[in-house]
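To start, the structure itself, in C-alpha cells.
These numbers come from the heavy atoms of this one structure, side chains and all, not from hydrogens, waters or symmetry mates. Letters go in sequence order (proteins before strands), and every chain restarts at 1.
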Amino acid sequence: MKRAERACGEGGSRLARGGRLGRRARTGPRASGRGRARRLRDPLLPAAGRDGPPSPRELAEALRERLLADDAVARLVESVEVAGPGFLNFRLRRQAFATLVEGMLAEGEEVGRGTQARPLHILLEYVSVNPNGPLHVGHGRYAAYGNALDRILRFAGHRVTSEFYINDYGRQMEMFGRSVAARYGQSFGLDLPVPEEGYQGEYVKEFAARIRAEVGDQWVELLATQGLDDPDSDIVRFFRYRGCDLVLEQFRAELGGFRVTFDTWFSETPLHNEGRVQGTIDHLLDTGDAYVKDDAVWLRTSPYGDDKDRVLIRSNERPTYFAADIAYHQDKLSRGYDHLINIWGADHHGYIPRMKAAVEILAHDPSMLEVIIGQMVNLLEAGELRQMSTRSGEMVTLAELVEAIGVDAARFFLVMRSHDQTLDLDLDLARQQSQENPVYYVQYAHARIASILRNLPKGLEPAVINHPEVYVTPYERDLIKSLEEFGGLVLEAAHRRAPHRVAGYAQELAGVFHVFYKHCRVIGAEPAVAASRLALVLVAKRVLARCLDLLGVSAPESM
RNA sequence: GCGCCCGUAGCUCAGUUGGAUAGAGCGUCGGUCUACGAAACCGAAGGCCACAGGUUCGAAUCCUGUCGGGCGCACCA
C-alpha cells in the first residue's frame with residue numbers, strides 16, 4: 001500500500017512536472033538536433049495495489065492523454081498506445097524522421113561527434129610490453145583495445161595523449177642482453193649457452209644475426225675471454241641496448257602496420273640514470289609516506305587500500321620496479337593531465353592497489369589513476385589450449401595473426417568482445433572464418449553505399465524533401481532510428497571504456513542497412529523519395545565509416 | 001586460504017542508472033538474384049541466462065552462498 005502510494009506520487013509528480021517522458025518529448029529532434037526517436041516505449045509505473053490507487057493501465061492512459069495534449073509532442077508523435085502494464089508505445093510522425101535525417105545530414109562527416117561539458121586531458125598508457133621479444137596476440141588485444149579507446153575518447157570530445165612505457169631497465173633486460181650475446185657468440189662457433197633464465201626463443205637468434213650483420217666479429221674475442229657472467233660488462237651492456245633498440249624498432253613498425261601509434265614513448269632508464277627514482281623516494285621519505293625498516297625502504301600503501309606496505313629500495317640497495325613506476329607516475333602527474341588511464345593485462349591486477357595507493361599519495365586524489373584490466377587471450381588449436389610464454393619462445397605472435405586474417409579482421413576480432421572477458425582464439429578457426437568475419441559484413445554495407453554513390457544519375461542530390469512518400473517504410477525508419485543512436489553510443493562507449501559497443505553497434509547498423517537496401521531503392525525511386533533516401537544512405541555511410549575508423553578498421557569503397 | 005575477471009543457444013559472444021516474448025555471428029535445415037554489389041536478404045530448429053536462496057511490482061542484470069573456469073597474492077619485472 002505504501003508502495004502503491006509512492007508509486008502514484010511519483011507518477012503524479014512526473015505528470016505535474018512534465019517528467020521524464022514529457023521532457024524527452026519536448027527536447028525532441030528539433031531542439032537537440034538529434035532526438036530520442038528510438039525510445040518508442042518507456043516503462044512507466046509500478047503496478048498499484050488492488051484497492052484505491054489507479055491501475056498502471058489507468059495511469060498510462062492518463063499520461064497518454066496528457067502527452068497528446070502537448071503541442072510539442074503532438075507535432076512529432078502520430079499516436080501513443082498503452083501496451084501492457086507499464087508501457088506506452090509512441091508512433092512518430094513522418095516529419096519527426098525527416099527532422100532527424102536533416103539534422104544528421106547537416107553534421108556532415110562530424111555526425112555523432114561528442115562534446116564534453118568539461119573535456120578532460122587524459123593520458124592513456126597501454127601496450128607497454130617489455131622490449132625483449134615479439135608481440136603476441138595478447139599484446140595485440142591490448143593494442144587494439146587501447147587504440148580504439150584512444151580514438152573513441154577523442155571522438156567523444158576529450159583530449160588524449162597516448163603513451164608507451166618502455167621497461168628497458170632491470171634484470172629482465174639484462175637476461176635478454178645476455179641471451180642475444182650468447183646467440184651472437186654461438187653464430188661464431190663459441191660454446192656459450194643461453195642462460196637458463198634467459199630467452200630461448202628462435203627470435204633471439206634473429207636479433208643476434210642482425211647485430212652480427214651490423215658489427216661483424218667485433219665482440220667475439222672479448223666474449224671468448226670474458227664470457228657473459230658479469231652483468232655490468234661492456235658486452236652485456238652493448239647487446240642489451242642494441243637488442244632493445246631493435247625490438248623497439250620492430251614494435252613501432254608492427255604496431256604502425258596495425259594502425260596503432262603513440263604520441264610518446266617513455267623510457268624507464270633515464271628515470272634511474274637521472275636520479276629521478278631516488279628523488280621520488282627521497283621526497284616520500286621527507287613527507288613520511290616512506291620509512292626504513294629491515295634495511296629496506298618501504299612505502300606506506302596499506303592506509304590506501306593495499307594489503308601491506310611495499311618495498312621501494314631493497315636491502316641490497318637496489319630500487320624495485322615499483323619505485324621506478326612511482327617515479328614514472330610522478331612524471332605523468334607533473335605533466336598536468338586531468339586523468340590517467342593505464343591498460344594492464346590481467347596478470348597485473350594484483351599490482352593495482354599499490355599503484356593506486358602511490359598515485360593517491362602523490363596526487364592526493366584517489367580517482368586520478370584509473371587502471372583498466374584487459375583479460376587474457378587463450379589460444380586454442382583444434383580445441384586444445386596452447387600456452388604462451390615469451391621466455392620459452394612458444395607463442396602465437398601478433399604478426400602471425402595479422403598474416404592469417406589481415407589487419408581489419410584482426411582488429412575487429414580483438415575488440416568486438418568486452419575487454420574483461422577472456423577471449424578464446426582459435427587461429428585455424430579465425431583463418432577459416434575470416435571470410436565470414438563480421439567485419440566484412442560491416443565493410444560490405446559501406447561498400448554498397450559507395451556503389452550507390454558511384455551510380456547516381458545526373459542531378460540527383462541528397463536532400464530531405466517534405467513529401468508524403470518520404471520515410472514512410474519501416475525499413476527507412478529503422479535505419480533512421482539506428483543512426484540516431486550513434487551519438488549516444490559514442491558517449492556510452494567512451495564512458496564505459498567499451499570499444500566493443502561500437503563494434504556491436506556497427507554490426508547492427510550494417511544489418512539494418514542491408515535490410516533497407518533489400519527493400520528500398522535509392523536510384524530509380526521517384527525524385528523526392530530518391531533524394532531523401534540518398535540523404536539517408538549518405539548519413540549511414542558516414543556513420544559506418546566512423547565506426548570502422550574508431551576501431552582502426554578500414555572502410556573500403558569497394559571490396 | 002585471500003583477492004580480481006568470469007559462467008547466457010552446438011561453438012564464439014552481445015545484452016550497465018533492474019523493464020515487454022533474452023539477441024547476434026558461426027554451424028545445421030529450407031527458401032530468394034531480368035533493377036543501386038547475393039561478401040546480401042527471408043524463414044526454421046536450437047535457452048531451467050551454472051546452481052540455490054534473497055531484495056523488488058519486476059532480476060541475465062543488484063546482494064549472499066555453493067559449484068566450475070581463468071588470473072594474481074615477492075626485498076621479480
Side-chain angles (χ1 to χ4, degrees), chain A residues 3-4 7 41-49 56 83-87 89 130 132 167 169-173 175 197 268 293-298 307-308 310-322 324-325 345-353 373-376 378 380 383 385 413 416-426 429-430 432-433 435-445 447-457 492 495-496 498 500-501 503-505 507-508 510-511 513-525 530 533-534 537 558-559:
Chain A
R3 261 181 242 115
R41 45 179 202 243
D42 237 329
L44 277 181
L45 300 166
F87 293 89
N89 286 345
N130 292 355
N132 51 31
N167 294 130
Y169 189 89
R171 193 173 149 71
Q172 291 306 318
M173 288 313 295
M175 291 311 306
E197 297 165 71
E268 177 184 355
K293 191 184 90 181
D294 302 334
D295 295 330
V297 178
W298 300 71
D307 295 336
K308 56 178 180 179
R310 304 290 174 173
V311 172
L312 297 176
I313 300 183
R314 291 179 271 247
S315 48
N316 68 8
E317 298 184 353
R318 296 178 69 114
T320 58
Y321 175 82
F322 182 45
D325 229 355
D347 52 343
H348 286 76
H349 74 257
Y351 193 71
I352 295 174
I373 287 302
Q375 293 299 320
M376 331 269 332
N378 289 327
L380 303 169
L385 195 63
F413 198 85
M416 69 184 189
R417 309 309 188 188
S418 164
H419 66 275
D420 51 42
Q421 181 91 330
T422 56
L423 186 64
D424 284 335
L425 175 63
D426 189 319
L429 200 62
Q432 184 190 323
Q433 286 184 352
Q435 290 311 306
E436 314 293 336
N437 194 299
V439 71
Y440 297 108
Y441 184 79
V442 178
Q443 289 179 319
Y444 183 54
R448 268 184 152 174
I449 299 173
S451 178
I452 294 173
L453 300 183
R454 279 193 296 272
N455 292 328
L456 287 184
E492 185 211 329
H495 182 250
R496 284 178 56 191
H500 77 282
R501 296 287 292 150
Y505 170 79
Q507 289 177 76
E508 252 179 63
F513 168 76
H514 284 308
V515 174
F516 160 87
Y517 182 88
K518 193 75 182 178
H519 293 92
C520 301
R521 290 193 54 85
V522 176
I523 297 167
R533 286 182 179 168
L534 180 55
V537 298
S558 66
M559 48 194 292

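Phosphate proximity of B:U12 to A:Q421: absent, as no side-chain N or O sits under 4.0 Å from OP1 or OP2. Remark: A:Y441 is in phosphate contact with B:C41, judged by side-chain N or O atoms under 4.0 Å from OP1 or OP2. Within the 4.0 Å cut-off from OP1 or OP2 of B:A39, not a single side-chain nitrogen or oxygen of A:N437 is found. Phosphate contact (OP1/OP2 of B:G37, side-chain N/O of A:R454, threshold under 4.0 Å): absent. Checking the phosphate oxygens (OP1, OP2) of B:A39, a side-chain nitrogen or oxygen of A:Y444 falls inside 4.0 Å. At B:C73, none of the side-chain N or O atoms of A:H349 fall inside 4.0 Å of OP1 or OP2 (strictly under the cut-off). Within the 4.0 Å cut-off from OP1 or OP2 of B:G15, at least one side-chain nitrogen or oxygen of A:R496 is found.
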Before you tell me yes or no, could you show the steps for A:Q172 and A:N132 under side-chain contact (heavy atoms from CB on, under 4.5 Å), namely the whole-Å CA-CA distance, both residues' side-chain angles and the distance that decides it to 0.1 Å?
CA-CA 8 Å; A:Q172 291 306 318; A:N132 51 31; 4.2 Å; yes
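By the 4.5 Å heavy-atom criterion applied to side chains, A:I449 and A:Y517 are not counted as neighbours. Residues A:H349 and A:I352 have side chains in contact (heavy-atom distance under 4.5 Å, counting atoms from C-beta outward). Using a 4.5 Å heavy-atom cutoff, the side chains of A:L534 and A:I523 are not in contact.
Nucleotides B:G10 and B:C71 have their C1' atoms positioned 28 Å apart, rounded to a whole Å. Nucleotides B:A39 and B:U56, compared at atom C1', are 47 Å apart to the nearest Å. If you take atom C1' in B:C67 and the same atom in B:G27, they sit 30 Å apart, rounded to whole Å. Separation of the P atoms belonging to B:G58 and B:G53 is 16 Å when rounded to the nearest angstrom. If you take atom C1' in B:U21 and the same atom in B:U17, they sit 24 Å apart, rounded to whole Å. With both ends at atom P, the span from B:G7 to B:U61 equals 11 Å, rounded to whole Å. Across the C1' atoms, B:A14 and B:G47 are found 15 Å apart, a figure rounded to whole Å. Only the P atoms considered, B:C73 is 41 Å distant from B:C26, to the nearest whole Å.
Under a 3.5 Å cut-off, the side chain of A:N316 and the backbone N or O of A:R318 do form a donor-acceptor pair. A donor-acceptor pair is defined here as one N or O able to donate and one able to accept, closer than 3.5 Å; such a pair exists between the side chain of A:H514 and the backbone of A:Y441. A distance-only check finds no donor-acceptor pair linking the side chain of A:T320 to the backbone of A:I313 [under 3.5 Å].
Residue A:V515 is in sugar-phosphate contact alone, with no base atom involved, counting any heavy-atom pair closer than 4.0 Å across all strands shown. Within the 4.0 angstrom heavy-atom criterion, base atoms lie near A:A447. Residue A:M559 is in base contact, counting any heavy-atom pair closer than 4.0 Å across all strands shown. Using a 4.0 Å heavy-atom criterion, one finds that A:S558 contacts the bases of the nucleic acid, with or without backbone contacts as well. Nucleic acid contact class of A:H348 (heavy atoms, under 4.0 Å, all strands): base. At a threshold of 4.0 angstrom between heavy atoms, the contacts of A:D295 with the nucleic acid are absent. Residue A:K293 is classed as having no contact, given no heavy-atom separation below 4.0 Å to the nucleic acid. Within the 4.0 angstrom heavy-atom criterion, base atoms lie near A:Y351. Using a 4.0 Å heavy-atom criterion, one finds that A:S451 contacts the bases of the nucleic acid, with or without backbone contacts as well.
Listed nucleotides: B:C13, B:C71, B:C36. Nearest to the side chain of A:L423: B:C13. Residue A:Y440 has its side chain nearest to B:A39 when only B:C6, B:G37, B:A39 are considered. In this structure, the nucleotide among B:A74, B:C36, B:A40 sitting nearest to the side chain of A:H514 is B:A40. For A:Q375, counting side-chain heavy atoms from C-beta on, the closest listed nucleotide (B:C5, B:C36, B:A38) is B:C5. Of the listed nucleotides (B:C41, B:C13, B:C36), B:C13 has the atom at the smallest distance from the side chain of A:R417. For A:N455, taking side-chain heavy atoms from C-beta onward, the closest of the listed nucleotides B:C36, B:C75, B:A77 is B:C36. Among the nucleotides B:G72, B:G37, B:A77, the one closest to any side-chain atom of A:D347 is B:G72. For A:R448, taking side-chain heavy atoms from C-beta onward, the closest of the listed nucleotides B:A74, B:A40, B:C71 is B:A40. With B:G15, B:C71, B:A38 as the candidates, the nucleotide lying closest to the side chain of A:R501 is B:G15.
Distance, A:D307 CG to B:A74 P: 9 Å, rounded to whole Å. Between A:R533 atom CZ and B:C36 atom C1' the separation is 12 Å, expressed in whole Å. One can place CD1 of A:I352 at 12 Å from C1' of B:C71, the figure rounded to the nearest angstrom. Computed from coordinates, the A:W298 CH2 to B:A74 P distance equals 11 Å when rounded to whole Å. Going from atom CZ of A:F516 over to atom P of B:C42 covers 14 Å, rounded to whole Å. Between the C1' atom of B:G72 and the CD1 atom of A:I373 lies a distance of 10 Å, rounded to the nearest Å.
As the counterpart of B:G37, no nucleotide is assigned, since no Watson-Crick or G-U wobble pattern has both distances under 3.5 Å. Across all strands shown, B:A50 forms a Watson-Crick or G-U wobble pair, both distances under 3.5 Å, with B:U66. Pairing for B:C2 is with B:G72, a Watson-Crick or G-U wobble pair whose two hydrogen-bonding atom distances lie under 3.5 Å. In this entry B:G10 has B:C26 as its Watson-Crick or G-U wobble partner, both defining distances falling under 3.5 Å. If you check B:G19 for Watson-Crick or wobble pairing at under 3.5 angstrom, you find it paired to B:C57.
Nearer the 5' end of RNA chain B, as judged by each residue's closest nucleotide, is the contact made by A:D420, out of A:R521 and A:D420. Place A:A346 and A:Y321 on RNA chain B by their nearest nucleotides, and A:A346 ends up nearer the 5' end.
Side chain A:S315 to base B:C75: a donor-acceptor pair is found below 3.5 Å.
Note on ring orientation: taking the six-membered ring where Trp is involved, the planes of A:Y321 and A:Y351 are tilted (angle from 30° to 60°).
The nearest pair of heavy atoms linking A:A346 to A:Q375 is CB-OE1, 3.5 Å.
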